[in-house]
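Only one structure is covered here, and it is reproduced in the block below.
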Amino acid sequence: MARRTTRQTQFLVVSTFLISLYSALYLSLIPLPISQDIKDQIVPCLPFNLLITLGSYCLWELGMGVLTFGECDEAHDELMKEIEMAKSDLRSKGISVD
């Protein structure tokens, strides 16, 4: 019986690989064909650049999800029904809506 790889396992494998690669670069275990001065300036900034890239990607995905939300007809209908239910509940309690 074949086991499927979960997202958690994929994340752990990829993050372990990236951390190992960065550690090897930072400790100069992997030689780079650039000068030591340039390497000393670039390699320590890689985690920060990765963080900025990841944040930008997450914001892009969030923005695209918001922009294309109207294209999900089932979710839109469900949300509109919930809004109407909330409005009728508030009206039954004597609160003015709209």
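Side-chain atoms of Gln36 and Asp40 include a donor-acceptor pair closer than 3.5 Å. Checking Ser23 against Ser20 by side-chain atom types alone, no donor-acceptor pair falls below 3.5 Å.
Connection of Leu32 to Ile38 is established within a shared hydrophobic cluster, with ILVMFWY side chains joined at heavy-atom distances below 4.5 Å, either directly or through further cluster members.
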Under 3.5 Å, which donor-acceptor pairs do the side chains of residues 42-65 form with other protein atoms, sequence neighbours left out?
residue	atom	partner	partner atom	Å
Thr53	OG1	Asn49	O	2.8
Ser56	OG	Ile52	O	2.9

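Distance CD/Gln10 to CZ/Arg7: 7.5 Å, rounded to 0.5 Å. Rounding to the nearest 0.5 Å gives a distance of 6.0 Å between CG of Leu79 and CD of Glu82.
One finds a salt bridge joining Asp89 and Lys93 here, because a Lys/Arg side-chain nitrogen approaches an Asp/Glu carboxylate oxygen to under 4.0 Å.
Contact of the Arg91 side chain with the Ser96 side chain is not registered, since no non-hydrogen atoms from C-beta on lie closer than 4.5 Å.
Within 6.0 Å of the OH atom in Tyr26, the count of heavy atoms belonging to other residues, nucleotides or ligands does not exceed 12.
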